[in-house]
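Worksheet: one structure, shown below.
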Amino acid sequence: MFEPPYVAGDRFEAQLKELGHAVISPATVQRSLAVDAQDLALLSPFWNDLPPDAYLRDGGSYRFRRHSCFVADGPALTQAPHRAHWQPLDYNALHGGIERWFEPMAPAAVALPAWGRLMLGLADIASGLKGARPWFIEAHQFRIDTASGIGRPTPEGAHRDGVDLVAVFLVARQQIKGGESRVFEAQGPQGQRFTMTQPWTLLLLDDERVIHETTPIQPAAENGWRDTLVVTLRAGGFQGP
């Protein structure tokens, strides 16, 4: 496994502007987003109650998820009315073009102080990258498991999401092989590959400039799984048909 190319806490925003991506360590996440390890530990158990994803077009049963939407406007974070997740086919050839209704995040998770700090901290990063404005946020809790052998974190392959900023937090991984993160220039040959292993490692992506994917996972022992929090931030409104 290739170790994540962690960037220093005082450099990650500059690297995000320069290269279109940055990986920051759990310690930098805590300092930069104003959360501590105890705050994050309170969030992690909410990945143990995710409903199955009923929309997988490859016939798999390896993905579980919840989805909620928010609007960050300056220091204010508001949860939006529950809505479908939608992507155009241009960005998701496998699952695009349909409204996918997932169960919302648990109210107790959203009410935790750490949740608001994470979302507003990401909004500040997006404003530093693209300019200050309201941000329309979609938050996805994922668990990919290996009960059937192979789990695919990105069954659609290398892709963009049609947003301004993508944030991928590794929440946990247990008894698995694989799950390598890959980031490529959208309009060039350069790329990086690495495996996030430490809980609350964060991969930041300027969605306009890079494409990304995560390789399949395989069981290293029984009950293997990989939990992530994927947050997208978009200016101008949520994506919809």
Exercise. Search all heavy atoms of Glu18 against all heavy atoms of Arg209 and return the closest pair with its distance.
Key: O-NH2, 2.7 Å
Exercise. Can you see which heavy atom on Phe12 is nearest to which on Ala22, and at what distance?
Key: O-CB, 3.8 Å
Quiz item: Using the ring of each side chain (for Trp, its six-membered ring), is Phe238 parallel, tilted or perpendicular to Phe136, with breaks at 30° and 60°?
Solution: perpendicular
Quiz item: Which residue pairs pass the side chain to side chain donor-acceptor pair (under 3.5 Å) test when at least one of the two sits in residues 113-126, sequence neighbours left out?
Solution: Asp39-Arg117
Self-check item: Heavy-atom closest pair, residues Lys177 and Pro219
Solution: CE-O, 3.7 Å
Show me the donor-acceptor pairs within less than 3.5 Å that the side chains of residues 187-197 make with the rest of the protein, sequence neighbours left out.
| from | atom 1 | to | atom 2 | distance (Å) |
| --- | --- | --- | --- | --- |
| Arg193 | NE | Glu180 | OE1 | 3.1 |
| Arg193 | NE | Glu180 | OE2 | 3.2 |
| Arg193 | NH2 | Glu180 | OE2 | 3.3 |

Self-check item: Residues clustered with Tyr62, ILVMFWY side-chain links under 4.5 angstrom
Solution: Leu56, Ile144, Ile176, Ile217
Quiz item: Is any NZ, NE, NH1 or NH2 atom of the basic residue among Asp145 and Arg63 found under 4.0 Å from an Asp or Glu carboxylate oxygen of the other?
Solution: no
Practice problem: Sorted by first residue and then second, give each side chain to side chain donor-acceptor pair (under 3.5 Å) pair with at least one member in residues 71-81; sequence neighbours left out. | Solution: none
Quiz prompt | Over all atoms of both residues, closest heavy-atom pair of Arg133 and Gly131 | solution = NE-O, 3.0 Å
Exercise. Quick one: which residue pairs count as a side chain to side chain donor-acceptor pair (under 3.5 Å) with a foot in residues 227-241, not counting sequence neighbours?
Key: Arg143-Asp227
Quiz item: Does Phe102 have Arg65 sitting over its ring (NZ/CZ under 6.0 Å from centre, angle to axis within 45°)?
Solution: yes
Quiz prompt | Check: Thr154 side chain, Thr214 main-chain N or O, donor-acceptor pair, under 3.5 Å | solution = yes
Quiz prompt | Under-4.0 Å salt bridge between Glu208 and Lys130 | solution = yes
Quiz item: Between the side chains of Ser127 and Trp135, does any donor sit under 3.5 Å from an acceptor?
Solution: yes
Self-check item: Nearest heavy-atom neighbours spanning Leu118 and Leu33
Solution: CD2-CD1, 3.7 Å
Quiz item: Between Ser25 (side chain) and Thr28 (backbone), is there a donor-acceptor pair under 3.5 Å?
Solution: yes
Solution key, residues 1-10 side-chain donor-acceptor pairs under 3.5 Å, sequence neighbours excluded:
| from | atom 1 | to | atom 2 | distance (Å) |
| --- | --- | --- | --- | --- |
| Tyr6 | OH | Thr201 | OG1 | 3.1 |

Quiz item: Under 6.0 Å between the ring centres of His140 and His85?
Solution: yes
Quiz item: Any donor and acceptor pair, going by atom type alone, linking the side chain of His82 with main-chain N or O of Ser68 inside 3.5 Å?
Solution: no
